[in-house]
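Below you'll find the structure, written out as structure tokens, and then a few comments.
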Amino acid sequence: MCELCIKHGEGKKWYEVMKNYSKELYSQNNVEQFMKDFFLNFHKEFNGIIKLDAAKRKRSIVYGFIRKMATSHMKKNHFGQIIPLEDAEMIIDMMQSITRVPCICRGLTRGEKNARYCFAIGVDPSPSDILGDYPHLKENLETLTRDEAKKLLRKFDQEGLIHSIWTFKTPFIGGICNCDRDCLAYRIQVTADLMQIMFKGEYVAEIDLDQCVGCRSCQKLCQFGAIEFSSSNLKCYINPMKCYGCGVCRSACNKEAITLNDRNQLPELAGVW
Amino acid sequence: MLNIKIDRNKCINALDCLKCIDACRSGVLLVLSPYAEVAKGRIKPVIMSMCTGCGECQRVCPAKAITMIK
Ligand code: SF4
Ligand code: SF4
């Protein structure tokens, strides 16, 4: 179990607990104000990233320390976890309101105003001014039914986009994202390894070698470089230390050779998040 | 240490261009905002630790706004 499950999971996965989406938590933690500040000042966070990056580059002795501080700051405020499609669908089933919103990250990494890959869940952002000064966010909102949301999630999954959940004042969960390299969290954690902003999923994928024909289709979809190929026996292998448990590779395999297993079953993965 | 300078007076319409953003294989450069008023000349080398010094951004920039300082 990840740290968030231990702290906020009540014996289950933390994102299975309704309390972590509740209106009570939302008002108790003053999430509305947090979201407003967050969206308005998002671009200012870059100065922090630039400092962190500079410390890493200079191999400065304080880098380890700043990295730890930044991660613990993110854990308290805005932290994520990778979830597979079925868990994302389960969350959708628990929600009363789902709103499709333009992706903030793709706006900041690529200048895209209408890359609508993200879902605001639980809170409906339209009536409030959470989205602050960003008219493109307000203009491009769309309320989705559960079925519409799930259909989109499945489409994103097939395109190889990774699903993740995000807290706004942890443990309040306010969004599901569908990400690739243009996601800032991915860029910072996976591409550049500057600090930790999200946990791997509660799962790890495994290929059934009896089923695998070595077509390597799965390898193409894995955004974490976790799938290795052996030309000696024409099989693919998933490196458990690298696998984020997103499950996206499964949709590429027409031999149905890939399954997701509980990460906790492998003792040595217990600390790999 | 390798550095990238972007001349804000030359990069005047970043959002209609984005050539450097597309060219950077390492994800070093970011736009910072989807709004022209804010983004104007504000393409920034954010994750310099990933920069390989390939010079692709400098090569593709039609305004010659990017300089690599080695
Ligand atoms: S897609 Fe399936 S059959 Fe093809 S290499 Fe991957 S696991 Fe093997
Ligand atoms: S190997 Fe792991 S990280 Fe890669 S796509 Fe499959 S589940 Fe995701």
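Chain A is the first sequence line, chain B the second, and so forth, proteins listed ahead of strands; every chain is numbered from 1. All figures in this text were calculated on a predicted structure; none of them were measured in a lab. Atom set for the values below is all heavy atoms of this structure, side chains included, hydrogens, waters and symmetry mates excluded.
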Any sub-3.5 Å donor-acceptor pair from A/Arg110's side-chain atoms to B/Ile21's backbone N or O? no
For a quick test of reading the model, state the closest non-hydrogen atom pair linking B/Met1 to A/Lys58 and the distance between them. CE-CG, 4.0 Å
Atom group of B/Cys24 that falls short of 4.5 Å from chain A, counting heavy atoms: backbone
Give a yes or no on this: more than 12 heavy atoms of other residues, nucleotides or ligands lie within 6.0 Å of atom CD1 of B/Ile69. yes
Just one of B/Leu30, B/Val31, B/Val46 clears the side chain to side chain contact (heavy atoms under 4.5 Å, CB included) bar with A/Thr109, so which one? B/Leu30
Structural part of B/Ile47 lying under 4.5 Å from a heavy atom of chain A: both
If you count heavy-atom pairs within less than 4.5 Å of chain B, which of A/Glu112, A/Glu45, A/Arg106, A/Arg187 leads? A/Arg187
Mind checking whether B/Leu2 and A/Arg57 have side chains closer than 4.5 Å, heavy atoms only? yes
Can you tell me which portion of A/Leu184 sits under 4.5 Å from chain B's heavy atoms? Options are side chain, backbone, both or neither. side chain
Check against side-chain contact (heavy atoms from CB on, under 4.5 Å), B/Lys44 and A/Ile50: CA-CA 10 Å; B/Lys44 248 194 176 175; A/Ile50 290 171; 4.0 Å; yes
A/Arg181, CZ: over 12 other non-hydrogen atoms inside 6.0 angstrom: yes
Measure A/Asn47 against the heavy atoms of chain B and call it side chain, backbone, both or neither at under 4.5 Å. side chain
Within the 4.5 Å heavy-atom criterion, are A/Asp53 and B/Met50 side-chain neighbours or not? no
